[in-house]
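A, B, ... follow the sequence lines: proteins, then strands. Residue 1 opens every chain.
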There are 2 protein chains.
Amino acid sequence: MPTLEEVAQRSGVSRSTVSRVINNDPHVSEETRQKVLQAIAELDYHPNAVARSLAAGHTQIIGLVIPTAVAMLFSDPYFPRLIQGVAAECNASDYSVMLWIGEPEYERRTIHRHLNSGLLDGIIVASAVRGDPVVSALQQSGLPFVMVGRPDDPTISYVDVDNVHGAREAVLHLLRQGYRRVATITGPLNTAAAFDRLEGYRAALQSRGIAVDENLIAEGDFTEESGVLAMRKLLPHKPDAVFCASDTMAQGAMRVIRGEGLRIPEDIAIVGYDDMPFAVNLDPPLTTVRQPIERMGQEAVKLLLDLLAHPNDGPHRLVLPTELIIRASTVRGNS
Amino acid sequence: MPTLEEVAQRSGVSRSTVSRVINNDPHVSEETRQKVLQAIAELDYHPNAVARSLAAGHTQIIGLVIPTAVAMLFSDPYFPRLIQGVAAECNASDYSVMLWIGEPEYERRTIHRHLNSGLLDGIIVASAVRGDPVVSALQQSGLPFVMVGRPDDPTISYVDVDNVHGAREAVLHLLRQGYRRVATITGPLNTAAAFDRLEGYRAALQSRGIAVDENLIAEGDFTEESGVLAMRKLLPHKPDAVFCASDTMAQGAMRVIRGEGLRIPEDIAIVGYDDMPFAVNLDPPLTTVRQPIERMGQEAVKLLLDLLAHPNDGPHRLVLPTELIIRASTVRGNS
DNA sequence: GTTGGTTTTGGGAGCGCTCCCATACTCATT
DNA sequence: AATGAGTATGGGAGCGCTCCCAAAACCAAC
């Protein structure tokens with residue numbers, strides 16, 4: 001591996017000058033620049049990122065942490081898409097992504113070791129649960145970070161989708177279709193997303209003067225199995241529609257409903273959340289709330305880079321819109 | 001951020017000695033070690049990973065490359081699970097994972113820059129397509145790397161599952177169930193996985209003295225739609241069972257079969273491959289070949305670390321076993 | 001008390017870069 | 001010619017660590 005010094009010698013200039021052309025410093029004569037460029041090409045020189053980081057005081061690397069608790073959810077494409085968004089935006093901005101998947105026994109020590117190692121310029125935390133130790137460690141460390149999903153602490157920067165609004169629109173749609181006993185299967189209520197979607201559900205009912213019946217609310221954990229369980233609990237209370245906080249749970253709920261010999265949407269309508277790829281292939285195709293997942297990843301990176309550039313700014317917050325995708329699972333009549 | 005030097009001063013020893021206790025060098029007296037440890041605790045010192053990397057000549061970071069072409073496949077849980085396996089093993093070995101998702105535009109331009117930046121000690125390439133430029137760049141660079149999935153070039157280290165064996169077991173199972181006209185829907189035959197699975201199919205038939213009927217072989221591309229098309233081609237040749245090289249294609253095939261009013265498994269049995277989460281929820285639940293995806297990620301890391309420790313060893317190869325998961329789609333009678 | 005071996009410790013020389021400051025050189029302007 | 005402003009270059013001093021070698025300390029045995 002050739003070094004800066006060798007390039008300098010070969011092109012007959014100083015180390016500093018080579019550094020300048022590499023970093024596009026304008027204070028280099030065109031002639032010199034060409035000489036240097038040629039030497040770089042001849043030697044197939046590539047700057048050493050580590051040395052550069054040490055000298056410059058930053059690494060151009062950001063960390064993406066996915067806390068343990070949610071890593072299980074890897075069975076749905078949420079995280080892959082988020083990762084893709086983050087990676088794409090980082091590539092575009094000449095940053096690299098360090099992946100950090102929280103392991104069950106990650107102790108505080110390990111967290112701090114990583115956060116204080118100086119390897120990361122900043123961090124994106126995906127979907128932390130309430131009171132996640134990573135978050136407090138992060139705050140302590142002073143490292144710039146942004147969260148995907150609304151945190152409890154209002155001083156933290158984040159990007160989120162408007163879960164309240166998305167859920168409300170979904171439930172209002174159900175109401176407009178004439179359903180009256182609208183139930184909901186929530187996600188784990190220690191996550192902000194699940195909580196907000198439940199809020200949206202309540203808000204929709206209340207705005208139409210419908211009392212919220214707690215019997216029509218069942219908590220799941222975003223998995224299909226939990227959707228099955230929740231639906232079984234709901235059934236005795238005769239709902240005529242169910243708003244599920246994830247497509248995966250909706251899928252479980254649909255299985256139960258069909259198992260009972262009931263029809264969708266004639267007897268019970270179903271709305272999901274996420275617009276997962278499989279939602280359109282369900283029988284019937286699932287009405288659902290689409291979230292711009294990749295975009296969240298992208299925006300999180302943008303926010304973070306902004307934070308790096310302007311450390312004294314207050315926290316950034318960005319709430320992205322959702323989109324209600326109406327399919328056959330909520331539209332009776334012409335089927 | 002305190003430095004080594006500050007810890008040294010506070011504990012009244014030299015920089016070198018502090019370095020020794022940090023790196024668990026046995027040549028330190030217990031007394032000194034305690035003094036140093038205390039100073040470290042008091043100052044909340046954490047070694048700077050960048051400086052350490054520069055001085056030591058390695059970074060304890062490995063790259064995980066997911067080539068563009070397959071990034072689309074992010075809609076199935078293969079990559080998430082692989083990533084999880086890689087991350088878990090890296091955590092356990094005190095390495096970090098740098099994620100690198102090939103972007104159409106940036107790939108070519110930045111590939112060499114990344115490989116030669118000295119940031120990565122080694123690389124794992126997930127499912128490269130044939131002739132992927134990343135692979136040749138990698139070979140050129142001299143960076144240690146291992147691939148997940150058998151490469152063309154036999155000098156490259158890799159971990160793979162035993163696709164031939166997995167397919168053979170699946171087909172033998174069909175044969176044992178009494179099916180005689182066993183067809184197959186293959187993946188794209190320019191991928192090693194698809195090729196090997198077809199090999200297994202042939203091997204199974206031949207080992208039972210059954211001639212391979214080329215009319216019973218249809219090529220797909222792992223997508224559901226291609227499963228539909230392939231099944232339509234197969235139907236006129238009256239298969240009584242179909243071995244599909246992916247669950248997704250199996251799903252398509254099942255749709256066609258049911259569309260024809262045929263029963264599964266009474267009229268036609270179906271076997272898939274992958275054991276995707278949805279396989280168990282199909283109607284009927286799908287018999288399939290399960291692959292140890294997380295484990296592949298883990299083993300890939302182990303192989304790579306071994307390669308880093310013993311650079312002069314020849315290429316490592318590891319083929320992991322598959323597991324046949326028998327469900328209702330191949331078992332007639334008691335339904 | 002000397003010798004020789006072993007263990008423990010200290011200090012210097014980098015790793016390959018950036019950044020700042022000093023120098024040299026260029027070109028008007030007086 | 002002398003001055004000053006502006007631009008191009010060079011060189012030194014780090015960034016915070018590891019690694020090697022030499023020095024110091026210790027301990028046993030003669």
B:Ala49 backbone acceptor or donor facing B:Ser53 side chain under 3.5 Å: yes

Can a donor-acceptor pair be found, under 3.5 Å and without considering hydrogens, that links the side chain of A:Asp25 to the backbone of A:Val21? no

Any chance CZ of A:Phe195 has more than 12 other-residue heavy atoms, nucleotides or ligands included, within less than 6.0 Å?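 Result for CZ/A:Phe195: open.
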
More than 12 heavy atoms of other residues, nucleotides or ligands under 6.0 Å from CD of B:Glu30: yes or no? yes

I want to verify a distance call: between C:dT18, C:dG10, D:dG10, whose nearest atom is closest to the A:Leu4 side chain? C:dT18

I want to verify a distance call: between D:dT7, D:dG11, C:dT9, whose nearest atom is closest to the A:His27 side chain? D:dT7

May I ask you to verify if any side-chain N or O of [X] is less than 4.0 angstrom from the OP1 or OP2 atom of [N]?
X	N	value
B:Thr17	C:dT8	no
A:Asn23	C:dT18	yes
A:Thr3	C:dG16	no
B:Ser16	C:dG10	no
B:Arg52	D:dG16	no
B:Ser19	D:dC17	no
B:Ser29	C:dT7	no
B:Ser53	D:dC17	no

When B:Arg15 and B:Ala51 are each assigned the nearest nucleotide of DNA chain C, the 5'-most assignment goes to B:Arg15

When the distance from [atom1] of [X] to [atom2] of [N] is rounded to whole Å, what number comes out?
X	N	atom1	atom2	value
A:Glu31	D:dA8	CD	P	12 Å
A:Glu6	C:dC17	CD	C1'	13 Å
A:Tyr45	C:dG16	OH	P	10 Å
B:Asp25	C:dT9	CG	C1'	11 Å
B:Leu54	D:dG14	CG	P	17 Å
A:Asp121	D:dC15	CG	P	18 Å
A:Leu119	D:dG16	CG	P	15 Å
A:Ile22	C:dT18	CD1	C1'	11 Å

Using a heavy-atom cut-off of under 4.0 Å over every strand shown, decide if B:Pro2 touches base, sugar-phosphate, or nothing. nothing

Would you indicate what B:Val50 reaches in the nucleic acid, counting non-hydrogen atoms under 4.0 angstrom: base, sugar-phosphate, or nothing?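 Nothing: the residue B:Val50, judged by heavy atoms under 4.0 Å, touches no strand.
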
Quick one: do B:Asp162 and B:Arg150 make a salt bridge, cutoff under 4.0 Å?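 Salt bridge between B:Asp162 and B:Arg150, a charged N being under 4.0 Å from a carboxylate O: no.
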
Between the side chains of B:Glu299 and B:Arg295, is the shortest nitrogen-to-carboxylate-oxygen separation below 4.0 Å, so that they form an ion pair? yes

Closest nucleotide of DNA chain D for B:Asn48 versus for B:Arg20: which of these residues is on the 5' side?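 It is B:Asn48 whose nearest nucleotide is closer to the 5' end.
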
